[in-house]
Protein chains: 2
Amino acid sequence: MIKDYDPGAFPPFAVTVDLAVFTVREGRLHVLLVERGEDPYKGAWALPGGFVRPKESAGQAARRELAEETSLSEETVAGLHLEQLRTYSDPDRDPRMRVVSVAYTALVPDLPEPRGGGDAAHARWTPLASARGLAFDHERILADAHHRIGAKLEYTCLATTFCPPEFTLGELQQVYETVWGVELDRPNFRRKVLTTPGFVEAVEGPPRRTGGRGKPAALYRAGAASALHPPLLRPEGRHT
Amino acid sequence: MIKDYDPGAFPPFAVTVDLAVFTVREGRLHVLLVERGEDPYKGAWALPGGFVRPKESAGQAARRELAEETSLSEETVAGLHLEQLRTYSDPDRDPRMRVVSVAYTALVPDLPEPRGGGDAAHARWTPLASARGLAFDHERILADAHHRIGAKLEYTCLATTFCPPEFTLGELQQVYETVWGVELDRPNFRRKVLTTPGFVEAVEGPPRRTGGRGKPAALYRAGAASALHPPLLRPEGRHT
DNA sequence: GCAAAAGTGTTGACGATACACCCATGA
DNA sequence: TCATGGGTGTATCGTCAACACTTTTGC
């Protein structure tokens, strides 16, 4: 920033955003993928994303692209948790030209199937384990994103962003188990969540909801807290 | 990445790196600043940094700029801990043109005064509390970086990167106390560090070193571990 | 001897784990 | 009445904060 300033002579870069959007479906972690309609990597699956426009920040671009791809309303998207992951800038990461991409992670509840809206010919939720052979360095981005959300669940409350507005503790526990790939002890998980102030709050009128058979569960909303103190550590204590 | 591809018609961006380089001096946290020699913000202090070159990644650019500004050898810089913080992309963050900056954080032991090498007219270590009125959005970057390293000390071993190759536990504790701005209980800190496998390893031949008066302390080296399990949480448990 | 810094020991509070057990519902 | 998932209780263990105490140096 201090040096080499020569307007018009700076190296030309394109700046894009890429999105790793996760959801939990049928007990498995899914990620939103789109099918590329143009070369390079035509026909391959990739993370949704696109160019940052001249008058918007990368974060605004990410939110815009997310709305386009998921067919959600702008208002809904505005409320979603969207977090900058990191920036990928390898000189050879795009064969066309020099492209620097700012990656974002989003966690969403189980949404309707994406319309393939916007520009992507096809878009779909894919189980994370099946997301192989992605375009560019998107597989790497996806792995980084998975690692990050796993770590974030330990010391933040954002597991609730995977859930609908009202949810049961069983559903919340499923989020942890799905992202971490482990089983948790239900009584202990319950205690931990309920004794953390602001993590969840009980829904007043004791309506209950069935998840199939078994006893109906009490409903909760996301609370006001954003961090967990003390953290909810994975079993085995390994951050992988 | 999926859409809008029109070679030559993508919005033109400049990409830079900015560095928040921290060290501990005289019990206070210092950051490396350079004085700008050109408009805008001529004469103001700023974080070191510069343009990413066409054939290098942002990480490589950060390491190169760090070497230039600190007058360290390339080999020394190659071994330093350098971590991507986040990317700043506000459309108005640079009055000249559209500049997206990838910020990095580095933690270094107490180094010799920087030569003001490379392109910066002046460079110096500044106490963090005195780093005000910086150019661009560098004050924000600095605040984010400080927050990040504080959090990282909790669950990683990188406090040792603030220390010289051989250090005492008192020096290591000073790093924590300086970055967090709190006082720690020495016996408990000691136990925590020594019982974490791979955090530090004792230097064999029991040479000892004096920090002034008082009993000489045993020397330690950084160990092989990189993460702390369980973490070393700040007092009050608040992540601020 | 005294101050200062290193190092050791002990105790009690708290949280997490690993269970056993009861409750409400659908089939 | 049995399987299934929700919910409660409790004993044990490990970690950590707090603080008393000893050791080794410079002055």
Side-chain angles (χ1 to χ4, degrees), chain A residues 24 26-27 153-155 163 166-178 180 182-203 206-220 225 227-239, chain B residues 26-27 153-155 163 166-178 180 182-197 199-203 206-220 227-238:
Chain A
V24 174
E26 300 153 14
L153 288 197
E154 290 191 327
Y155 57 95
C163 298
E166 301 193 338
F167 52 87
T168 69
L169 294 187
E171 290 168 346
L172 186 62
Q173 182 174 345
Q174 260 232 341
V175 169
Y176 277 89
E177 293 181 333
T178 302
W180 286 348
V182 298
E183 292 206 340
L184 300 177
D185 182 81
R186 187 161 36 79
N188 294 334
F189 179 81
R190 175 183 193 77
R191 240 188 313 275
K192 177 66 186 172
V193 170
L194 292 181
T195 60
T196 300
F199 193 175
V200 299
E201 56 185 42
V203 170
R208 310 175 150 251
R209 187 169 94 190
T210 173
R213 46 205 160 292
K215 180 177 175 178
L219 289 178
Y220 294 86
L228 250 49
H229 292 289
L232 176 47
L233 296 174
R234 299 159 157 94
E236 304 306 310
R238 305 273 169 205
H239 271 139
Chain B
E26 300 152 15
L153 289 196
E154 290 191 328
Y155 57 95
C163 299
E166 300 194 337
F167 52 86
T168 68
L169 293 186
E171 292 168 344
L172 186 62
Q173 181 176 346
Q174 260 233 341
V175 168
Y176 278 90
E177 294 181 333
T178 302
W180 287 347
V182 298
E183 292 206 341
L184 300 177
D185 182 80
R186 187 162 34 78
N188 294 333
F189 179 82
R190 176 184 191 75
R191 241 189 311 276
K192 177 65 187 173
V193 170
L194 292 180
T195 60
T196 300
F199 193 173
V200 298
E201 56 185 42
V203 169
R208 312 179 147 248
R209 186 169 97 189
T210 172
R213 46 206 161 294
K215 181 176 177 177
L219 288 178
Y220 295 86
L228 251 48
H229 292 288
L232 176 48
L233 296 174
R234 298 159 155 95
E236 304 306 312
R238 305 273 170 205

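Naming convention: chains lettered A, B, ... in sequence-line order (proteins, then strands); numbering from 1 in each chain. Computed from a predicted model, the values in this text were never measured in an experiment.
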Pairs counted as Watson-Crick or G-U wobble with both distances under 3.5 Å: what dot-bracket string results for DNA chain C, using | for bases tied to another strand?
|||||||||||||||||||||||||||
With side-chain contact (heavy atoms from CB on, under 4.5 Å) as the criterion, how do B:Glu154 and B:Leu232 come out once you've worked through the C-alpha distance, each side chain's angles and the decisive distance to 0.1 Å?
CA-CA 5 Å; B:Glu154 290 191 328; B:Leu232 176 48; 5.7 Å; no
All N/O pairs under 3.5 Å across the protein-nucleotides 7-10 of chain C interface:
| residue | atom | partner | partner atom | Å |
| --- | --- | --- | --- | --- |
| C:dG7 | OP1 | B:Ala218 | N | 2.9 |
| C:dG7 | OP2 | B:Arg190 | NH1 | 3.1 |
| C:dG7 | O5' | B:Arg190 | NH2 | 3.1 |
| C:dG7 | N7 | B:Arg186 | NH1 | 2.5 |
| C:dT8 | OP2 | B:Arg190 | NE | 3.3 |
| C:dG9 | O6 | B:Arg191 | NH2 | 3.3 |
| C:dT10 | O4 | B:Arg191 | NH2 | 3.4 |

Find the distance A:Leu228:CG to C:dG15:C1' and express it as a whole number of Å.
13 Å
Distance, rounded to the nearest Å, where A:Phe189 contributes CZ and C:dA18 contributes P
16 Å
Below 4.0 angstrom from OP1 or OP2 of D:dT15, is there any side-chain N or O of B:Lys192?
no
Looking only at atom types and distance, does a side-chain atom of B:Thr168 sit under 3.5 Å from a main-chain N or O of B:Glu171, one as donor and one as acceptor?
yes
Check the distance between C:dC14's C1' and A:Leu233's CG and give it to me in whole angstrom.
15 Å
What integer distance in Å separates B:His229:NE2 from D:dT15:C1'?
16 Å
d(CG, A:Leu172; P, D:dG5) in whole Å:
17 Å
Calculate, to the nearest 0.5 Å, the distance between atoms CG and CZ belonging to B:Leu153 and B:Arg234 respectively.
8.0 Å
Please evaluate residues A:Tyr220 and A:Val203 with respect to the criterion side-chain contact (heavy atoms from CB on, under 4.5 Å), reporting the C-alpha separation (whole Å), side-chain torsions for both, the decisive distance (0.1 Å), and the verdict.
CA-CA 5 Å; A:Tyr220 294 86; A:Val203 170; 5.5 Å; no
Please report the distance, rounded to the nearest Å, between CZ in A:Arg234 and P in C:dA16.
16 Å
Non-neighbouring partners of B:Tyr176 that pass ring-ring contact (aromatic ring centres under 6.0 Å, His included), sequence neighbours left out:
B:Trp180, B:Phe189
Expressed as a whole number of angstroms, how long is the span from B:Gln174:CD to C:dA6:C1'?
14 Å
Does the pair B:Leu172 and B:Val193 meet the rule for a side-chain contact (heavy atoms from CB on, under 4.5 Å), with working shown?
CA-CA 9 Å; B:Leu172 186 62; B:Val193 170; 4.1 Å; yes
